[in-house]
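Okay, structure first, notes after.
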2 protein chains.
Amino acid sequence: MDILWAQSAPLTAREVGRLIQDRDLAPTTVMTVLDRLSRKGFLNRTRDGRAWRYEPAESRDAYVTELMLEALDLTGDRSAALTRFAQAVSGSEAEILRRALMELEEQ
Amino acid sequence: MDILWAQSAPLTAREVGRLIQDRDLAPTTVMTVLDRLSRKGFLNRTRDGRAWRYEPAESRDAYVTELMLEALDLTGDRSAALTRFAQAVSGSEAEILRRALMELEEQ
DNA sequence: TGCGCCCCTCTACGGCACGTAGTACTACCC
DNA sequence: GGGTAGTACTACGTGCCGTAGAGGGGCGCA
């Protein structure tokens with residue numbers, strides 16, 4: 001669903017329907033979905049003539065980060081969960097994290 | 001729902017019902033919920049006489065980690081998402097992450 | 001100036017998960 | 001044997017999601 005959306009970065013209107021021909025959906029279906037997504041704050045819409053132009057409210061990475069923080073909130077012991085998470089990511093990803101944290105520290 | 005569960009660590013049976021008196025649920029309600037959770041793999045059950053004894057399949061932290069990794073899978077650019085995540089956590093949490101990664105490196 | 005097309009909004013319907021619970025069966029204890 | 005406790009099976013309301021149809025209103029072209 002929003003996968004289709006997060007995929008193509010630029011903003012668009014009901015040409016979204018044309019971008020997903022694989023499942024041949026009724027035009028109204030696409031509209032309804034976009035409408036519901038914008039209603040829930042995942043998408044922003046702006047007028048363009050009589051049509052709407054939709055745009056992701058957040059970047060995909062921001063959304064993912066939000067989800068991760070949300071998951072983190074579920075635990076009683078954030079420190080333990082973070083430690084475990086650090087151990088769970090792959091070596092190369094640990095390296096990426098390490099670098100990002102390093103840069104943070106420098107500021 | 002599983003909040004109640006993840007809370008009390010030890011394994012138990014339908015005394016769970018007694019542990020949550022605040023919302024006075026019918027005993028069968030608690031049973032159904034536990035049953036459905038075990039069916040979905042969140043809980044393990046073992047026989048104890050004619051009763052079942054339920055036990056979290058995973059620790060809460062393991063579950064949280066799993067959720068976080070799952071969120072991470074949603075992105076196309078894991079590296080960017082991880083970097084962003086590192087920047088999003090609080091300072092003290094960044095420190096925890098840093099330490100966990102340090103220990104990893106030593107091994 | 002009227003007809004058709006495009007896009008919108010509103011409404012709907014089936015499916016599924018979830019929270020809640022009732023009923024019916026069974027085994028144990030006194 | 002009857003009360004109690006525990007189980008399995010079934011059910012109902014609600015809310016979300018994917019899908020879509022019906023109807024209204026501009027805009028452009030003949």
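So that the names make sense, note that chain A is the first sequence line, chain B the second, and so on, each numbered from 1. For the numbers below, each heavy atom of this structure counts, side chains included, while hydrogens, waters and symmetry mates do not.
At a threshold of 4.5 Å between side-chain heavy atoms, the hydrophobic network of Ile, Leu, Val, Met, Phe, Trp and Tyr places Met102(B) and Leu97(A) in two separate groups.
In this structure, Asp35(B) places its CG atom 12 Å from P of dT10(D), rounding to the nearest Å. With rounding to whole Å, Glu15(B) atom CD is found 20 Å from dT4(D) atom P. Put simply, CH2 on Trp52(B) is 15 Å from C1' on dC9(D), counting in whole angstrom units. When the P atom of dC16(D) is taken as reference, atom CG of Leu37(A) falls 14 Å away, rounded to whole Å. Between the CZ atom of Arg47(B) and the P atom of dA5(D) there is a distance of 18 Å, given to the nearest Å. Rounded to an integer number of Å, the gap from Arg45(B) CZ to dG6(D) P is 15 Å. Rounding to whole angstrom units, CZ of residue Arg50(A) and C1' of dG4(C) are separated by 12 Å. As a whole-Å value, the separation of Ile20(A) CD1 from dG18(D) C1' is 12 Å.
Side chain of Arg18(A), nearest nucleotide from dA21(C), dT19(D), dC7(C): dC7(C). Among the nucleotides dC17(D), dT19(D), dG22(C), the one closest to the side chain of Thr29(A) is dT19(D). Residue Arg23(A) has its side chain nearest to dG18(D) when only dG26(D), dA8(D), dG18(D) are considered.
The base of dG19(C) sits within donor-acceptor range of the side chain of Arg36(B), with an N or O pair under 3.5 Å. The base of dG22(C) sits within donor-acceptor range of the side chain of Thr28(B), with an N or O pair under 3.5 Å.
Side-chain nitrogen and oxygen atoms of Lys40(A) include at least one within less than 4.0 Å of the OP1 or OP2 phosphate oxygen of dC17(D).
Counting any heavy atom pair closer than 4.0 Å across all strands shown, Arg53(A) reaches no nucleic acid atom.
Counting heavy-atom neighbours within 6.0 Å of Arg47(A) CZ, excluding the residue itself, gives a total above 12.
Without hydrogens or angle criteria, Arg60(B) side chain to Leu74(A) main chain gives a donor-acceptor distance under 3.5 Å. Side chain of Arg98(A) to main chain of Leu101(B): a donor-acceptor pair is present (N/O by atom type, distance under 3.5 Å, no hydrogens or angles).
Atom OG1 of residue Thr75(B) and atom CZ of residue Phe85(B) lie 13.5 Å apart, to the nearest 0.5 angstrom.
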